[in-house]
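Below: one structure, written as structure tokens.
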Amino acid sequence: MDHGASKTGLAACDALRITTRVLETARLDGDAPGLVEHVAELADERDAATVLIGLPRLASGDEGARAVPTRAFAGRLASRLADRQVLLYDESLTTKAAEERMRDDDVPRERRRELRDSYAALVLLEDWLEGGGVGGERVRADAEAER
């Protein structure tokens, strides 16, 4: 997923990790409890063992400004999905790659803006899968969320 302040891009793969697809962008505040529940429901529906969340990084490799709220969200989600693996994974250049992918997929220009975040999530997921479905930073349940 591509976590954002006002919308979150989502993508999924099948159980065998062969096919991937874009899911509808969640138009929920990035800090809203409803977003945690929405993602948890999607994970339950798909019996997902892992939820992958893009970690914003700068070209220097340092974490970008969006990393703090993304990490906070990831902690809350890990608390909600205690029986699943929640991972943070470098999302560098996924938006640029998503733009290219939408052009390649002949996504009409007027739909690209609304699909950009979910295509970024798709690129993130495919990159992780191409790496063998390993890597990323495992998120521990947020202590505050567990209280």
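Residue Ala11 comes nearest to Ser118 through the heavy atom pair CB-O, 4.2 Å, listed as atom of the first residue, atom of the second, then distance. Contact record, Arg66 with Pro56: CB-CG, 3.6 Å, taken as the closest heavy-atom pair. Residues Ala141 and Ser79 approach most closely at CB-OG, 3.4 Å, considering heavy atoms. Nearest heavy-atom pair across Gly135 and Trp128 is O-NE1, 3.3 Å. Between Leu88 and Ala74, the closest heavy-atom pair is CD2-CB, 4.0 Å. Closest approach of Val123 and Ala97 over heavy atoms only: CG1-CB, 3.7 Å.
At least one side-chain heavy atom of Leu52 sits less than 4.5 Å from a side-chain heavy atom of Leu124. Two residues are said to be in side-chain contact when any heavy atoms from C-beta on lie closer than 4.5 Å; Asp14 and Arg21 fail this criterion. Annotation: side chain of Val139 is not in contact with side chain of Glu137 (no heavy-atom distance under 4.5 Å).
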Item to complete: Start with the C-alpha distance between Leu55 and Arg71, add both sets of side-chain angles, then the distance that settles side-chain contact (heavy atoms from CB on, under 4.5 Å), and finish with yes or no.
Response: CA-CA 8 Å; Leu55 181 63; Arg71 284 185 174 282; 3.7 Å; yes

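Using a 4.0 Å cut-off between charged side-chain N and carboxylate O, Glu114 and Arg111 make a salt bridge. Between Arg84 and Asp44 there is a salt bridge, since a side-chain N of the basic residue sits under 4.0 Å from a carboxylate O of the acidic one. For Glu99 and Arg116, the salt-bridge test passes: some basic side-chain N is under 4.0 Å from an acidic carboxylate O. Salt-bridge check for Glu126 with Arg101: passed, with a basic side-chain N closer than 4.0 Å to an acidic carboxylate O.
Rounded to the nearest 0.5 Å, atoms CD (Glu130) and CG (Leu125) are 9.5 Å apart. Summarising the geometry, atom CZ belonging to Arg113 is positioned 12.5 Å from atom OG1 belonging to Thr25; distances are rounded to the nearest 0.5 Å. Here the straight-line distance linking atom CG of Leu122 with atom CG of Asp127 works out to 11.0 Å at 0.5 Å rounding. Rounded to the nearest 0.5 Å, atoms CG (Asp117) and OG (Ser6) are 8.0 Å apart. Once rounded to the nearest 0.5 Å, the distance linking CG of Leu87 with CD1 of Ile53 reads 8.5 Å.
The stretch residues 46-82 participates, sequence neighbours left out, in these ring-ring contact (aromatic ring centres under 6.0 Å, His included) pairs: His3-Phe73.
Between the side chain of Asp105 and the backbone N or O of Val107, no donor-acceptor pair lies under 3.5 Å.
The residue from Thr94, Asp90, Thr95 that alone fulfils the side chain to side chain contact (heavy atoms under 4.5 Å, CB included) condition with Ser92 is Asp90.
Surrounding CD of Gln85 are more than 12 heavy atoms belonging to other residues, nucleotides or ligands, all under 6.0 Å away.
Two different hydrophobic clusters hold Met1 and Leu115 under the rule that ILVMFWY side chains link at heavy-atom gaps under 4.5 Å. In terms of hydrophobic clustering, with Ile, Leu, Val, Met, Phe, Trp and Tyr side chains grouped at heavy-atom distances under 4.5 Å, Leu28 and Leu23 are assigned to a common cluster.
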Atom pairs and distances, donor-acceptor, side-chain atoms in residues 31-43, under 3.5 Å, two or more places apart:
from: Glu37; atom 1: OE1; to: Arg80; atom 2: NE; distance (Å): 3.3
from: Glu37; atom 1: OE1; to: Arg80; atom 2: NH2; distance (Å): 3.3
from: Glu37; atom 1: OE2; to: Arg80; atom 2: NE; distance (Å): 3.0

